[in-house]
Trainee: 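Okay, handing you the structure first.
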Amino acid sequence: MFNKRIKIKELLAVEPQQQEVTVMGWVRTFRNNQFIALNDGSTNNNLQVVMELGKFGDDLLKRITTSASLKVTGTVVPSLGKGQKLELKATHVEILGDCDAEKYPLQPKKHSLEFLREIAHLRFRTNTFGSVFRVRNALAFAVHKFFNEKGFVYMHTPIITASDAEGAGEMFKVTTLPFDNTPRNVDGSINFKEDFFGRATNLTVSGQLEGELAATALGDIYTFGPTFRAENSNTARHLAEFWMIEPEMAFSDLEDNANLAEEFIKYIIGYAMVHCREDLDFLAQRLADEEKQKPQLERSEMGLIERLEFVIQNDFERLTYTEAIQILKESNHNKKKKFQYLVEDWGVDLQSEHERYLVEKHFKKPVILTDYPKDIKSFYMRMNDDGKTVAAMDILAPGIGEIVGGSQREERMDVLEKRMKEMNIPAEEMWWYLDTRRFGTVPHAGFGLGFERMVQFVTGMTNIRDVIPFPRTPKSAEF
RNA sequence: UCCUCCUUAGCUCAGUUGGUUAGAGCAUCUGACUGUUAAUCAGAGGGUCGUUGGUUCAAGUCCAACAGGGGGAGCCA
């Protein structure tokens, strides 16, 4: 019977009254041959287990090493020492699993995130990653809670897809064809008719197109699932496998879309603030310590908690691409030629440095940029009346960059077909997508939010590889 | 993929203008102590200096290539 254990988080909240309890967990430190700091993952706060001198044999004491797993039964008493309200006076201590101290790589000291990334299978046992993954869990739960409360239908869009028309990025191929002796057509090309699905298939880069199919019948839907991009991206904000949330709403325009995105972001941050306060406080302290190492100029003005509160309490800044270009063009930063890429002409895509200037220097809050030039955006985005811009929106977050990308979709069949032709999108392969416009089309809109970027923003972790349990990046798929 | 920096003990790092047996803190092991808080004190073990090749009487130190990692950029979420 293992389920009679009490979780340490729960135990630390009780009044110590000599009650007998059983806890299980891993040793964080063992001090003085007497005091075990025991952690079971329910909280970063350790339980102090006291093994009275002389009551336990040396054989047992020797086996209590960092990260050994224990079952401890004892009585809960007020702590004699400082630093904790209560402690567990042990009566029975059983080693569930030994841990060879000479081989175990984690020590009770600060480790670099780079080192911990190399032992990602064990990094859950650190305070930092314990906090990060409890916060990640809370955010994931809040995503479902938010949409459920709003009457959205959770839709499972396919992981394997035959459509590669969206052009959201390079795709991973899915095949059962042999690498040698690949079946060929007479012209030498690969004969996908022999493949598992009878055609070329890939891992999805977005559930949006299928999401639109569901939204144009069920009304409001969202997806929340893994997404794959085979880009050779080596940055602190890209993964080859990541999780994306994609709501899609029928009878909605760009403004509805931006409203939902802003409300959504504030909601899930607020949920984490209420339900993960201890973990966020810990992460805030961690971030503050890290920032102390940086030169004054690079430090952020607000701490993590302040930053999250600020985002929840203030309206996001909304402006069009055209207005943004104007601000950037007239900025002293641009006039003094401090940008690596100077802002001159309308129509060019914004560089990271420009986005960061807008978000971190000019407005100092999240920014919703709308109505981008059609030439730098996707075919499905709704054409504005000016004929030059489309009803797109990006949400830029301080320190993270683009956290949301979305748009009102082009619901007018003739306009959509024209755009697809211009952009060389094969309309015949997209017959099912076009059917939504053919049969009772409606204005609709949606967006994609990168879940890991959201977790980064909330936890203050600066590298995206530290907010997903087992990161997949170019040349890296260990564990 | 491009630019740039880094790679020395299990971890974090020092190592002068190239010059004998490569150092520190923490961790580990042994012993002492025992109400500790990343316990303390004493002692011990632990390194083909990322890999390969080159320059040199002599390379951790200089040069080149490769590998891995960090930071920045592009692609984006």
Side-chain angles (χ1 to χ4, degrees), chain A residues 27-37 45-54 61-62 65-67 77 79-84 87 89 99-119 126-127 166-170 205-208 224 226-246 261 294 298 339-341 349-356 376-378 394-397 400-406 447-457 462-468 473-476 478:
Chain A
V27 175
R28 281 290 172 83
T29 62
F30 185 36
R31 289 184 292 269
N32 229 344
N33 243 353
Q34 204 179 163
F35 302 100
I36 304 168
N45 298 316
N46 300 323
L47 173 69
Q48 170 146 295
V49 174
V50 183
M51 295 179 78
E52 285 180 279
L53 288 169
L61 293 173
K62 270 204 160 71
T65 56
T66 301
S67 233
V77 296
S79 180
L80 294 177
K82 289 171 192 160
Q84 59 278 316
E87 59 194 23
K89 207 164 148 189
C99 185
D100 186 340
E102 289 201 66
K103 291 182 182 147
Y104 185 63
L106 284 171
Q107 301 151 25
K109 63 166 255 184
K110 214 176 172 89
H111 288 288
S112 68
L113 295 172
E114 292 83 8
F115 171 67
L116 292 172
R117 227 169 273 153
E118 290 169 16
I119 50 165
T126 65
N127 283 337
E166 205 206 328
E170 287 296 309
V205 292
S206 163
Q208 181 202 317
F224 183 6
T227 311
F228 307 88
R229 306 265 167 99
E231 303 286 347
N232 192 5
S233 298
N234 294 288
T235 78
R237 57 186 185 283
H238 288 89
L239 291 165
E241 176 182 287
F242 64 100
W243 288 66
M244 188 153 65
I245 296 143
E246 296 180 286
K294 289 193 200 161
E298 290 171 30
F339 285 129
Q340 198 182 336
Y341 296 90
D349 212 347
L350 297 178
Q351 302 287 322
S352 305
E353 57 175 345
H354 305 140
E355 295 180 352
R356 292 186 63 157
I376 57 173
K377 288 291 179 185
S378 303
D394 283 0
I395 300 185
L396 311 174
I400 309 292
E402 190 177 341
I403 197 163
V404 164
F447 63 83
L449 178 138
F451 185 59
E452 282 75 17
R453 289 188 183 174
M454 193 69 223
V455 180
Q456 271 191 279
F457 184 74
T462 50
N463 195 313
I464 200 165
R465 298 167 194 199
D466 297 328
V467 297
I468 189 165
T473 54
K475 301 280 184 297
S476 173
E478 191 68 61

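Just the heavy atoms: all of them, side chains too, but no hydrogens, waters or symmetry mates, feed the values below. Every chain is numbered from 1, with letters handed out A, B, ... down the list of sequences.
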Trainee: Output the rounded distance in Å from CD (A:Glu241) to P (B:A77).
Mentor: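 Between P of B:A77 and CD of A:Glu241: 17 Å.
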
Trainee: Any idea which of B:G68, B:G35, B:U12 is nearest the A:Phe35 side chain?
Mentor: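 Taking heavy atoms from C-beta onward, the closest nucleotide is B:G35.
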
Trainee: In this structure, how many angstroms lie between the P atom of B:A9 and the NZ atom of A:Lys109, rounded?
Mentor: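 Rounding to the nearest Å, NZ of A:Lys109 and P of B:A9 are 12 Å apart.
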
Trainee: Could you go over nucleotides 70-72 of chain B and give all protein N or O partners under 3.5 Å, atom names and distances?
Mentor:
unit_1: B:G70; atom_1: OP1; unit_2: A:Arg117; atom_2: NH1; d: 2.5
unit_1: B:G70; atom_1: OP2; unit_2: A:Arg465; atom_2: NH1; d: 3.4

Trainee: Are any of A:Thr29's side-chain N or O atoms less than 4.0 Å away from OP1 or OP2 of B:A39?
Mentor: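 Yes, within the criterion.
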
Trainee: What integer number of Å spans the P atoms of B:U7 and B:U30?
Mentor: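 Rounded to whole Å, the distance is 34 Å.
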
Trainee: A:Lys475: which residues meet the salt bridge (Lys or Arg N to Asp or Glu O under 4.0 Å) condition with it, sequence neighbours left out?
Mentor: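 If we apply the salt bridge (Lys or Arg N to Asp or Glu O under 4.0 Å) test to A:Lys475, skipping adjacent residues, there are no hits.
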
Trainee: Heavy atoms from C-beta onward define the side chain here; which of B:A73, B:C76, B:U36 lies closest to that of A:Gln84?
Mentor: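 Per side-chain heavy atoms of A:Gln84, the pick is B:U36.
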
Trainee: Partners of A:Glu52 by salt bridge (Lys or Arg N to Asp or Glu O under 4.0 Å), sequence neighbours excluded?
Mentor: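 For A:Glu52 the salt bridge (Lys or Arg N to Asp or Glu O under 4.0 Å) partners, ignoring immediate neighbours, are A:Lys55.
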
Trainee: Please tell me which of A:Tyr341 and A:Gly450 maps to the more 5' nucleotide of RNA chain B, matching each residue to the nucleotide holding its nearest heavy atom.
Mentor: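 Residue closer to the 5' terminus by nearest nucleotide: A:Tyr341.
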
Trainee: Please compare A:Ser112 and A:Gln34 by the position of their nearest nucleotide in RNA chain B and report the one closer to 5'.
Mentor: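 Its nucleotide being nearer the 5' end, the pick is A:Ser112.
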
Trainee: Just how far, in rounded Å, is C1' of B:C76 from CD1 of A:Ile400?
Mentor: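 So the CD1-C1' distance, A:Ile400 to B:C76, works out to 14 Å.
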
Trainee: Expressed as a whole number of Å, how far does the P atom of B:A27 sit from that of B:U12?
Mentor: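 The same atom, P, in both gives a distance of 15 Å.
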
Trainee: Kindly state each residue pair satisfying side-chain hydrogen bond (donor to acceptor under 3.5 Å, both in side chains) with at least one member in residues 104-118 of chain A, sequence neighbours excluded.
Mentor: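 Matches after skipping sequence neighbours: A:Ser67-A:Tyr104, A:Arg117-A:Asp466.
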
Trainee: To the nearest Å, how far apart are A:Asp394 CG and B:C76 C1'?
Mentor: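 Nearest whole value for this atom pair: 9 Å.
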
Trainee: Considering only heavy atoms and no angle criterion, is a donor-acceptor pair shorter than 3.5 Å present between the side chain of A:Gln107 and the base of B:U28?
Mentor: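 Side chain to base: no pair present.
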
Trainee: Please find the pair of heavy atoms, one from A:Glu241 and one from A:Phe228, that lie closest to each other, and give the distance.
Mentor: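 Residues A:Glu241 and A:Phe228, closest heavy atoms: OE1-CE2, 3.3 Å.
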
Trainee: What integer number of Å spans the P atoms of B:G74 and B:C11?
Mentor: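 Nearest-Å result for B:G74 against B:C11 at atom P: 34 Å.
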
Trainee: Expressed in whole Å, how much space separates the P atoms belonging to B:C29 and B:G10?
Mentor: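 These two P atoms come out 15 Å apart once rounded.
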
Trainee: For the pair A:Arg237 and A:Asn463, evaluate side chain to side chain donor-acceptor pair (under 3.5 Å) and give the outcome as yes or no after the intermediate values.
Mentor: CA-CA 6 Å; A:Arg237 57 186 185 283; A:Asn463 195 313; over 6 Å; no

Trainee: Counting heavy atoms from C-beta on, name the nucleotide in B:A73, B:U12, B:G35 closest to the side chain of A:Gln351.
Mentor: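 Closest of the options to the side chain of A:Gln351: B:A73.
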
Trainee: Measuring only the C1' atom in each nucleotide, how far is B:C3 from B:U20? A whole number of Å is fine.
Mentor: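 Looking at atom C1' only, B:C3 and B:U20 are 41 Å apart.
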
Trainee: What distance separates A:Glu355 CD from A:Asp394 CG, expressed to the nearest 0.5 Å?
Mentor: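 If we round to the nearest 0.5 Å, A:Glu355:CD and A:Asp394:CG are 7.0 Å apart.
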
Trainee: Under 4.0 Å between any heavy atoms, over every strand shown, what does A:Leu80 touch: base, sugar-phosphate, or nothing? Just pick one.
Mentor: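 Result for A:Leu80 = base.
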
Trainee: Rounded to whole Å, how long is the line connecting atom CD of A:Glu170 with atom P of B:G74?
Mentor: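 In whole Å, B:G74 P and A:Glu170 CD are 18 Å from each other.
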
Trainee: Give me the atom names and distance for the closest heavy-atom approach of A:Met51 to A:Ile36.
Mentor: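 Here A:Met51 and A:Ile36 meet closest at SD-CD1, 3.5 Å.
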
Trainee: Taking the side chain of A:Ser476 as heavy atoms from C-beta outward, which of B:A77, B:G35, B:G69 is closest to it?
Mentor: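 The closest nucleotide is B:G69.
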
Trainee: Using a heavy-atom cut-off of under 4.0 Å over every strand shown, decide if A:Gly81 touches base, sugar-phosphate, or nothing.
Mentor: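 Result for A:Gly81 = base.
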
Trainee: Would you state whether a donor and an acceptor, one from the side chain of A:Glu87 and one from the base of B:G35, lie under 3.5 Å apart?
Mentor: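 Yes, a donor-acceptor pair under 3.5 Å.
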
Trainee: Looking at A:Asp349 and A:Lys377, is there a salt bridge between them, counting it only when a charged N and a carboxylate O are closer than 4.0 Å?
Mentor: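 A salt bridge is absent here (no side-chain N lies under 4.0 Å from a carboxylate O).
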
Trainee: Can you check the A:Lys89 NZ to B:U36 C1' distance for me, whole Å?
Mentor: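 It is 16 Å, rounded to the nearest whole Å.
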
Trainee: Please report the distance, rounded to the nearest Å, between CZ in A:Phe339 and P in B:A73.
Mentor: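 Rounded to whole Å, this separation is 13 Å.
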
Trainee: Test A:Ile245 against every option in A:Leu449, A:Thr227, A:Val404 by the side chain to side chain contact (heavy atoms under 4.5 Å, CB included) rule and name the one that passes.
Mentor: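 Considering A:Leu449, A:Thr227, A:Val404, a side chain to side chain contact (heavy atoms under 4.5 Å, CB included) with A:Ile245 is found only for A:Leu449.
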
Trainee: Does a donor on one side chain and an acceptor on the other come within less than 3.5 Å for A:Gln456 and A:Thr462?
Mentor: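 Distance-only check fails for A:Gln456 and A:Thr462.
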
Trainee: Rounding to an integer number of angstrom, what distance separates B:C66 and B:C26 when you compare their P atoms?
Mentor: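 Each nucleotide's P atom is 41 Å from the other's.
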
Trainee: Can you figure out which of B:G35, B:C11, B:C76 approaches the side chain of A:Ser79 most closely?
Mentor: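 Output: B:G35.
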
Trainee: Just how far, in rounded Å, is P of B:G68 from CD of A:Glu478?
Mentor: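 Taking atom P of B:G68 as the reference, CD of A:Glu478 is at 13 Å.
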
Trainee: Hey, does A:Ser352 reach any base, or is it just sugar-phosphate, or nothing, if we go heavy atoms under 4.0 Å?
Mentor: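 Sugar-phosphate only.
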
Trainee: Which helical stems does RNA chain B take part in, if a stem means at least 3 consecutive Watson-Crick or G-U pairs with both distances below 3.5 Å?
Mentor: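 Stem list for RNA chain B: B:1-7 with B:67-73, B:10-13 with B:23-26, B:28-32 with B:40-44, B:50-54 with B:62-66.
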
Trainee: Categorize A:Ile245 for me: base, sugar-phosphate, or nothing, with a 4.0 angstrom heavy-atom threshold over every strand shown.
Mentor: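 No contact.
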
Trainee: Applying salt bridge (Lys or Arg N to Asp or Glu O under 4.0 Å), name anything that partners A:Arg31, two or more places apart in sequence or on another chain.
Mentor: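 If we apply the salt bridge (Lys or Arg N to Asp or Glu O under 4.0 Å) test to A:Arg31, skipping adjacent residues, there are no hits.
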
Trainee: Can you confirm whether or not the ring centre of A:Phe451 sits under 6.0 Å from the ring centre of A:Phe242?
Mentor: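 Ring centres of A:Phe242 and A:Phe451 not closer than 6.0 Å.
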
Trainee: Could you give the distance separating B:G53 and B:A42 at their P atoms, to the nearest angstrom?
Mentor: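 It comes out at 45 Å once rounded to the nearest Å.
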
Trainee: Looking only at the side chain of A:Arg31 (C-beta and beyond, no hydrogens), which of the listed nucleotides B:A38, B:U28, B:G35 gets closest?
Mentor: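 Within the option list, the nearest is B:A38.
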
Trainee: Does B:A77 have A:Phe242 stacked on its base, where the ring centres are within less than 5.5 Å and the planes differ by under 30°?
Mentor: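 Taking the rule of under 5.5 Å and under 30°, the ring of A:Phe242 does stack on B:A77.
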
Trainee: In whole Å, what separates the P atom of B:A73 from that of B:U56?
Mentor: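 Per the computed distance, 43 Å lies between those P atoms.
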
Trainee: Look at all strands and tell whether A:Lys82 reaches a base, only sugar-phosphate, or nothing, counting heavy atoms closer than 4.0 Å.
Mentor: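 Counting heavy atoms under 4.0 Å across all strands, the contact made by A:Lys82 includes a base.
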
